[in-house]
*Asks:* 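Got a structure for you, written out below as structure tokens; questions coming shortly.
Every chain is numbered from 1 and lettered A, B, ... according to where its sequence line falls, protein lines coming before strand lines.
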Amino acid sequence: MTEQRIQEPLRDAPARSEAKSQPAASENLADPAAVWVVIPAYNEASRIGAVLQNLAARRVTVVVVDDGSRDNTAAVALAHEGVWVLRHIVNLGQGAALQTGMDFALQNGAEVIVTFDADGQHDAADVDRLIEPILLGKADVVLGSRFLGKAEGIPWSRRLLLRAAVWFTRWHSGLRVSDTHNGLRAFSRHAASRIRITQNRMAHASEILEQIRANRLSYVEVPVTIRYSAATLAKGQSSWNAIRILGQLLVGKMIR
Amino acid sequence: MTPFQILALTLLGLIIVGECVQVIRRRKLTGFVAVRLLVWLGAAAAIASPGAVQQVAGWLGIGRGADVVLYLFVLAFLAVAFYLYAGQVRLRRQLTEAIRRLAVLEARRGG
């Protein structure tokens, strides 16, 4: 991990004492049950096999949350040794799938939870970089940043939109982050049990940042690599969805 | 009184009596029921005395009584739409929790 590139947490978001007393998690690292990787997946039968193959080399427990896929995503995931598969009977959205996976991981004693995309955009090698600050007790939450790392094949329109999202997040949540809608994150057990995602769909990314602020969790950003391909861009969010996400976020805040 | 007024006021009168009976039986007047009761009473007053609506319109600087009713309808529509949407969001959250619990209960491990 390149320490210089890690963004410092906000001054008014002190590292929590629980996060600082994380040697238990460090000691548990030998135990694959300590680090859980949560992968929300929707119609990813063609790509999730490679993602799980790449993660298999790491000492982590993987849980795939099949979010009501119409293809055989769950069957492909179940073919991998040791991978947990949870299935939503209907499609709820990525935010809901993440929360389901996090609930399951917490129930099973996870010390660190990493969220990872199922479409192959993320690099399994980044998992180590993400969990390190948590294991060292430096932060409750680690956010992957493609703008500190690499965003291979990113279209200029997406780059522009994500930059706009960064400004909105800085204004809205007060968090000084360089990347806001990156699915590659890590949470300490303490952070994961404090954060509750209620935004089922894509607005969850902003909601997580908002809850980091609200719960005064400490955070750092680390550089990660995101690889865009024609297939992932075709399936991913359209730029116009940004407006819908904004609406969901604002209305969601008004309804308790 | 016109036939419409007789018909509408009879209907509204029955609704108001029904609401009052419910309140007395439950011995409880919630905010929501109070607002609903006010809406029925306001509607009854407006139908019974169209001149009063015209007078209110004059006080508010709107001009026509019909416009006051139209504006109130627009505001009521927005309030009801938000109320229904909020209900739908809450229901969706409950459904999400139920589906989540089912998913966790039926967790399977590969290999």
*Asks:* If you round to the nearest 0.5 Å, how far is CZ of B:Arg109 from CG of A:Leu86?
*Replies:* 12.0 Å
*Asks:* Rounded to the nearest 0.5 Å, what separates atom CG in A:Asn200 from atom CZ in B:Arg92?
*Replies:* 6.5 Å
*Asks:* Is the count of non-hydrogen atoms from other residues, nucleotides or ligands lying under 6.0 Å from B:Tyr83 atom OH greater than 12?
*Replies:*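 Atom OH in B:Tyr83 is not crowded, with 12 or fewer foreign heavy atoms closer than 6.0 Å.
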*Asks:* Please report the shortest heavy-atom distance between A:Thr100 and B:Arg100, naming the atom on each side.
*Replies:*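 Nearest heavy atoms, A:Thr100 then B:Arg100: OG1-NE, 2.8 Å.
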*Asks:* Looking only at non-hydrogen atoms, find the nearest pair between A:Ile89 and B:Ile99 and report the distance.
*Replies:*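 Looking at all heavy atoms of both residues, the closest pair is N-CG2, 3.9 Å.
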*Asks:* Is chain B contacted by the side chain of A:Gln107, its backbone, both, or neither, given a heavy-atom distance below 4.5 Å?
*Replies:*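 The side chain, not the backbone.
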*Asks:* Could you measure the distance from the CD atom of B:Glu97 to the CG atom of A:Asp103? Nearest 0.5 Å is fine.
*Replies:* 7.0 Å
*Asks:* Enumerate by number any residue of residues 7-29 of chain B whose heavy atoms lie under 4.5 Å from heavy atoms of chain A; in the absence of such residues, state 'none'.
*Replies:* none
*Asks:* Which bit of A:His80 comes within less than 4.5 Å of chain B, counting heavy atoms only: side chain, backbone, both or neither?
*Replies:*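 The backbone, not the side chain.
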*Asks:* Please indicate whether A:Arg196 has more than 12 foreign heavy atoms, meaning atoms of other residues, nucleotides or ligands, lying under 6.0 Å from its CZ.
*Replies:* yes
*Asks:* At a heavy-atom separation under 4.5 Å, does B:Val104 approach chain A through its side chain, its backbone, both, or neither?
*Replies:* both
